[in-house]
Amino acid sequence: MILVIFGPPGAGKGTQSRFIAQELKVLHISTGDILRNAIEGQTELGKKACDYMSAGELVPDDLVSGMIFERIKEPDADAGFILDGYPRNLNQAIELDRMLESLSKKVDLVVNIVVSDEEIIRRISGRRICDLCGRVTHVEYDPQINSDMCDVCGGELKIRMDDTKKAIKNRLNVYYSETLPVLNYYMAKGIVKDANGWGEKNNIFSEILNLIEK
Ligand code: AP5
C-alpha cells in the first residue's frame, strides 16, 4: 500500500505517519526528516536545502524528487510506504506518478488531515523536539515535567529552525499557493479521504486506520 499523508504544516502529518507506520509495519518516508538529517550531517544536499528550509520555502523539485526516487527503490519500500511531506506541488505529484509507474506501483490513498490555521499556528509555535531521541513534544498539548527536558531520555528540547513566526507565515502561504492544488489532482483520481485533525491524537489515528481499512 502506498499512502500519502497530506495536510498543512503542523497538521500532525508526522505524528500520525509514525503511528500508522508502527501499526501497519510499513516504511515512513518524511522528506522534512530526510532534509533535516542532511543539514545536520552537512551533506551536499543539506547545504543546498538549508536556506530554503529555514525561510519556509520549498526546496527545489529536482533535489527532493531525486532523493525520493532513490529512497522508494530501496528493498524496504517493496511492501509499501507512507509519504509524509511529498508531493508538495503539482510538478512533484506528476513526477511521483511517473516514478511509481516505472516501478509498476501507484498511490493508493491520500489522507487529508483537516485542521484550522489558528490550531496550526498553536501546534507549530508550541512544538519542541528532543535533541537526543528526536521525540516531538508540545508545550501545551504534551508538556514535559521539566519544560526544557525530554521526559523519556533527558535530552534538551529544541525549537525547529523553521518554527519561527516569519517562517510559519511563509510555510502557510506556500501551502495554500503551491501544495493545496495537489489535493485537487488526487481528488480527480478519486483517492482522497478527509480525516478530522482536531482532538486527541489517538482518536485521529483510529479515524485514519478506519479510512485505510475501508
Ligand atoms: P516538513 O518537515 O514536512 O514540515 P511541515 O509540512 O511544515 O509539517 P510539520 O513537520 O511542521 O508538521 P506535521 O504536520 O508533521 O505536524 P507534527 O506531527 O509535527 O517540511 C519542512 C520543510 O522542508 C518545508 O518547509 C520545505 O522547506 C522542506 N520540504 C519538505 N518536503 C518538501 C518537498 N516535498 N518539497 C520541497 N521542500 C520540502 O505536529 C505538530 C505539533 O503539533 C507537534 O508538537 C505535535 O506534538 C502536535 N500535535 C500533533 N497532533 C496533535 C493533536 N491531535 N493535538 C494536539 N497537538 C498535536
Engineer: Between Cys50 and Ile39, which heavy-atom pair has the shortest distance, and what is it?
Structural biologist: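 Residues Cys50 and Ile39, closest heavy atoms: CA-CD1, 3.6 Å.
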Engineer: Can you confirm whether Asp61 sits close enough to Glu95 that some side-chain heavy atom of one is under 4.5 Å from a side-chain heavy atom of the other?
Structural biologist: no
Engineer: Quick one: does Phe81's side chain get under 4.5 Å of His28's, heavy atoms only?
Structural biologist: no
Engineer: Measure from the side-chain N and O atoms of Lys193 to the backbone N and O of Leu211, and report whether any donor-acceptor pair falls under 3.5 Å.
Structural biologist: yes
Engineer: Would you sort out whether Asp117 and Tyr176 count as a side chain to side chain donor-acceptor pair (under 3.5 Å), showing the intermediate values?
Structural biologist: CA-CA 11 Å; Asp117 282 5; Tyr176 285 114; 2.5 Å; yes
Engineer: Taking Arg88's backbone N and O only, do any of them form a donor-acceptor pair with Thr179's side chain (distance below 3.5 Å, no angle check)?
Structural biologist: yes
Engineer: Might you work through the side chain to side chain contact (heavy atoms under 4.5 Å, CB included) test for Val64 and Leu58, ending with a clear yes or no?
Structural biologist: CA-CA 9 Å; Val64 182; Leu58 293 186; over 6 Å; no
Engineer: Is it possible for you to say whether Leu103 and Leu27 belong to one hydrophobic cluster, with membership spreading through side-chain heavy-atom contacts below 4.5 Å?
Structural biologist: yes
Engineer: With rounding to the nearest 0.5 Å, note down the distance linking CD1 in Ile5 to CZ in Arg18.
Structural biologist: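 Answer for the CD1-CZ pair, Ile5 versus Arg18, is 12.0 Å.
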Engineer: Do Ile191 and Leu90 share a hydrophobic cluster, counting only Ile, Leu, Val, Met, Phe, Trp and Tyr and linking them when any side-chain heavy atoms are less than 4.5 Å apart?
Structural biologist: yes
Engineer: One pair to check against side chain to side chain contact (heavy atoms under 4.5 Å, CB included): Ile129 and Arg36. What are the steps and the verdict?
Structural biologist: CA-CA 12 Å; Ile129 300 173; Arg36 278 184 288 278; 5.8 Å; no
Engineer: State whether the side chain of Ser206 and the backbone N or O of Asn202 hold a donor-acceptor pair below 3.5 Å, judged by distance alone.
Structural biologist: yes
Engineer: Please tell me if the side chains of Gln144 and Arg135 come closer than 4.5 Å, counting only heavy atoms from C-beta onward.
Structural biologist: yes
Engineer: Please lay out, stage by stage, how Tyr186 and Val107 fare under the test side chain to side chain contact (heavy atoms under 4.5 Å, CB included).
Structural biologist: CA-CA 9 Å; Tyr186 286 126; Val107 174; 4.1 Å; yes
Engineer: Kindly compute the distance separating CG (Leu132) from NZ (Lys158), expressed to the nearest 0.5 Å.
Structural biologist: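 Result: 10.0 Å between the selected atoms.
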Engineer: Does Glu74, at its CD atom, have more than 12 non-hydrogen atoms belonging to other residues, nucleotides or ligands within less than 6.0 Å?
Structural biologist: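 Count over threshold, so yes.
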Engineer: Is the backbone N or O of Met99 less than 3.5 Å from a side-chain atom of Ser102, with the two atoms forming a donor-acceptor pair by type?
Structural biologist: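 Yes, Ser102 side chain to Met99 backbone: donor-acceptor pair under 3.5 Å.
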Engineer: Can you check whether Arg123's main-chain N or O pairs, donor with acceptor, with His138's side chain at less than 3.5 Å?
Structural biologist: yes
Engineer: Group every Ile, Leu, Val, Met, Phe, Trp and Tyr by side-chain heavy-atom contacts under 4.5 Å, then state whether Leu100 and Val192 land in the same group.
Structural biologist: yes
Engineer: Tell me the closest heavy-atom pair linking Pro9 and Ile120, and the distance in Å.
Structural biologist: O-CG2, 2.9 Å
Engineer: For residues Tyr185 and Asn89, is any side-chain donor paired with an opposing acceptor at under 3.5 Å?
Structural biologist: no
Engineer: Is it true that the side chains of Ser30 and Tyr86 contain a donor and an acceptor less than 3.5 Å apart?
Structural biologist: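 Not at all, the side chains of Ser30 and Tyr86 share no donor-acceptor pair under 3.5 Å.
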Engineer: Between Arg171 and Asp162, does the salt bridge (charged side-chain N to carboxylate O under 4.0 Å, His left out) criterion hold? Intermediate values first, please.
Structural biologist: CA-CA 9 Å; Arg171 283 159 66 195; Asp162 57 345; 3.8 Å; yes
Engineer: Is Lys73 close enough and on-axis enough to Phe69, meaning under 6.0 Å and within 45°, for cation-pi?
Structural biologist: yes
Engineer: Would you say Glu23 and Ile20 make side-chain contact, with heavy atoms under 4.5 Å?
Structural biologist: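 Sidechains of Ile20 and Glu23: no contact.
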Engineer: Provide the closest heavy-atom pair for Asp84 versus Ser17 in the form atom of the first, atom of the second, distance.
Structural biologist: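 For Asp84 and Ser17, the tightest heavy-atom pair comes out as CB-OG, 3.5 Å.
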Engineer: First locate atom OG1 of Thr43, then atom CG of Leu35, and finally report the distance between them rounded to the nearest 0.5 Å.
Structural biologist: 9.0 Å
Engineer: Pick one: which of Ile82, Val110, Asn112, Asp108 meets side-chain contact (heavy atoms from CB on, under 4.5 Å) with Val4?
Structural biologist: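 Among the candidates, only Val110 passes.
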Engineer: Within the side chain of Glu207, is there an N or O that forms a donor-acceptor pair under 3.5 Å with the backbone of Asn196?
Structural biologist: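 Answer holds: yes.
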Engineer: Would a distance-only check, ignoring hydrogens and angles, find a side-chain to backbone donor-acceptor pair under 3.5 Å from Asp97 to Lys106?
Structural biologist: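 Judged by distance alone, no pair lies under 3.5 Å.
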Engineer: Could you go through Arg128 and Asp163, starting from their C-alpha distance and side-chain angles, then the distance that decides it, and tell me whether this counts as salt bridge (charged side-chain N to carboxylate O under 4.0 Å, His left out)?
Structural biologist: CA-CA 10 Å; Arg128 299 291 182 272; Asp163 282 352; over 6 Å; no
Engineer: Could you pull out the closest heavy-atom pair between Val26 and Gly80, with the gap in Å?
Structural biologist: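 Between these two residues, the closest heavy atoms are CB-O, 4.0 Å.
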Engineer: Identify the two heavy atoms, one from Glu178 and one from Val182, that lie closest to each other, and give their separation to 0.1 Å.
Structural biologist: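 It is O-CG2, 4.3 Å.
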Engineer: Within this structure, what is the CG-CD distance for the pair Leu96 and Gln92, rounded to the nearest 0.5 Å?
Structural biologist: 9.0 Å
Engineer: Is there side-chain contact between Cys150 and Leu157, with at least one heavy-atom pair below 4.5 Å?
Structural biologist: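 Yes. Closest side-chain heavy atoms under 4.5 Å.
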Engineer: Please examine the side chains of Ile212 and Leu24, heavy atoms only from C-beta on, and report whether any two atoms are closer than 4.5 Å.
Structural biologist: yes
Engineer: Would you say Ile34 and Val136 are hydrophobically clustered, going by side-chain heavy atoms of ILVMFWY under 4.5 Å?
Structural biologist: no
Engineer: Quick one: pull up CZ in Arg160 and OG in Ser54 and give me the separation to the nearest 0.5 Å.
Structural biologist: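 Between Arg160 CZ and Ser54 OG, I get 11.5 Å after rounding to 0.5 Å.
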Engineer: Report the C-alpha distance between Tyr175 and Asn170 in whole Å, list the side-chain angles of each, state the deciding distance to 0.1 Å, and finish with yes or no for side chain to side chain donor-acceptor pair (under 3.5 Å).
Structural biologist: CA-CA 8 Å; Tyr175 173 75; Asn170 205 20; over 6 Å; no
Engineer: Cluster question for you: counting only ILVMFWY and a side-chain heavy-atom cut-off of under 4.5 Å, with indirect links fine, are Leu209 and Val111 together?
Structural biologist: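 Same hydrophobic cluster.
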Engineer: Can you give me the closest heavy-atom contact between Met161 and Thr164, atom names plus distance?
Structural biologist: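 Of all heavy-atom pairs spanning Met161 and Thr164, the closest is O-CG2, 3.8 Å.
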Engineer: What's the spacing between Asp194 CG and Ile113 CD1 if we round to 0.5 Å?
Structural biologist: 10.5 Å
Engineer: Please tell me if the side chains of Lys201 and Gln16 come closer than 4.5 Å, counting only heavy atoms from C-beta onward.
Structural biologist: yes
Engineer: Any side-chain heavy atom of Arg122 sitting closer than 4.5 Å to one from Glu118?
Structural biologist: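 Sidechains of Glu118 and Arg122: in contact.
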